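Here is the structure we will look at, set down as structure tokens.
Only heavy atoms go into these numbers, but all of them, side chains included; no hydrogens, no water, no symmetry mates. Predicted model only: the values in this text are computed from it and were never measured. Every chain is numbered from 1 and lettered A, B, ... according to where its sequence line falls, protein lines coming before strand lines.
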Amino acid sequence: MKLRVNGQEHILDKQLANVGQVLDYFSVPWVRAAVELNEDVVDPGLFDKTPVTDGDQIEIVSFVGGG
Amino acid sequence: MNVYINGVQHTDVDSPTIAHLQQQYCPGADVTIVNCLIATDLTSSVSEGDHLHFLKKGVLPEHGELESLIFSRQPYAITRRLKAACVGIAGAGGLGSVVAENLARSGVGKLVVADFDIVEPSNLNRQRYNLAHLGMPKVQALVDTIRGYNPYVSVVALQERITFKNSGTLFQGCDIVAECLDNAADKALIVSGILKHMPLTKIVAASGIAGIGDGAAIVVRKIFNRLYLVGDSVSDADDGAGLFASRVGIAASQQSHVIIRLLAGEDI
């Protein structure tokens, strides 16, 4: 499947169903992630219930600690 | 002619020199500031709309003049915009206490600061508190320190834990929110919460500020439409690299600087 992730085109070797699976595919821990799907922010409690489809644009920020 | 002297508008000034006005309004002034520059040639004429400040070193100005004098080194057009703004600060630790100080010193009119925690000794290596604040809620200590240098900023102190759900309510009315939390999971939740619940608000977050790595690696990136991310994105406090006043302070200063630029109307 084709996704645009953080501004870059990615051809994935498998079909992913939701945002949670995209995070897993790119090895991003869910609890550290803020995600925008087609410019809409995704509720972190709904990563596995937010479907992705071919051609979607997804922006992922993976936070690290310290403040 | 219309000029401002120590913040007060004077409409009847008849095009005299700086020296003439100094003699009239503040005889014996040690420092003269014209449009945020220290004036060296007092024989220059003033122009329509000029902002002049005269001050005597070591003398506490009259209450009505103090606010204008505090901001006499900033361009008035920017100071006016900052005064009209409201900024939220999520977390009052190493990042938040410095962001709050920079914004309060710059004259942001209203700050809404939320943090559930109290000041303890391990905070003092990087957070802008004193021994006298130990045991005090951080938001209360922050109000106390800000009063010491800018009594003209309105500070709303919320001693509360910030969540995904309450983030929009706590910071209601803020033009911009600074994410200044410590824990990575909290950062992700609160950034998501503010983007979700506050559709017009910009957020300036920090990620990757731990350790003694290169200070210049702490950069600003615009990620989503309304999210600015400060840090090197990788230096994680969870890796045991520690937290230092200098590097955390660079990140906090980058955050507050982005906020000031946005409030001044810069397109970034």
Highest number of heavy-atom pairs under 4.5 Å with chain A: which of B:Ile209, B:Val248, B:Val98, B:Leu189?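 Maximum pair count with chain A is reached by B:Ile209.
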Against chain A, work out which of B:Glu179, B:Lys196, B:Gln127 has the most heavy-atom pairs shorter than 4.5 Å and name it.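 Of B:Glu179, B:Lys196, B:Gln127, B:Lys196 has the most heavy-atom pairs under 4.5 Å with chain A.
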Tell me if a side-chain donor or acceptor on B:Ser192 pairs with a main-chain N or O of A:Asp43 at a distance below 3.5 Å.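 Checking the backbone N and O of A:Asp43 against the side chain of B:Ser192, no donor-acceptor pair under 3.5 Å is found.
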For A:Glu39, is it the side chain, the backbone, both, or neither that has a heavy atom closer than 4.5 Å to a heavy atom of chain B?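 Side chain only.
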Does atom [atom1] ([X]) have a neighbourhood of more than 12 heavy atoms from anything else shown, all under 6.0 Å?
| X | atom1 | value |
| --- | --- | --- |
| B:Arg221 | CZ | no |
| B:Gln172 | CD | no |
| A:Leu46 | CG | yes |
| B:His197 | NE2 | yes |
| B:Lys165 | NZ | no |
| B:Lys187 | NZ | yes |

Atom CG of A:Asp40 and atom CG of B:Leu195: how far apart are they, to the nearest 0.5 Å?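 Atom-to-atom, A:Asp40:CG and B:Leu195:CG are 11.0 Å apart.
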How many angstroms lie between CG in B:Asn183 and CZ in A:Phe63, if you round to the nearest 0.5 Å?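 So the gap between those two atoms works out to 11.5 Å.
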So which bits of residues 114-125 of chain B come within less than 4.5 Å of chain A, counting non-hydrogen atoms only?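 Interface residues of residues 114-125 of chain B: none, nothing closer than 4.5 Å to chain A.
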Among the options A:Val61, A:Asn6, A:Val42, pick out the one with the most heavy-atom pairs lying under 4.5 Å from chain B.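 When all of A:Val61, A:Asn6, A:Val42 are compared, A:Val61 has the most.
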Please state whether the side chain, the backbone, both or neither of B:Ala205 comes within less than 4.5 Å of a heavy atom of chain A.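 Looking at B:Ala205, just its side chain touches chain A.
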Part of B:Phe224 lying under 4.5 Å from any heavy atom of chain A: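 Answer is both: backbone and side chain atoms of B:Phe224 are under 4.5 Å from chain A.
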If contact means a heavy atom pair closer than 4.5 Å, which residues of residues 21-37 of chain A contact chain B?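 The stretch touches chain B at A:Val31, A:Arg32, A:Ala33, A:Ala34, A:Val35, A:Glu36.
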Testing the basics here: between A:Val64 and B:Ala184, what is the closest heavy-atom pair and its distance to 0.1 Å?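 Of all heavy-atom pairs spanning A:Val64 and B:Ala184, the closest is C-CB, 3.8 Å.
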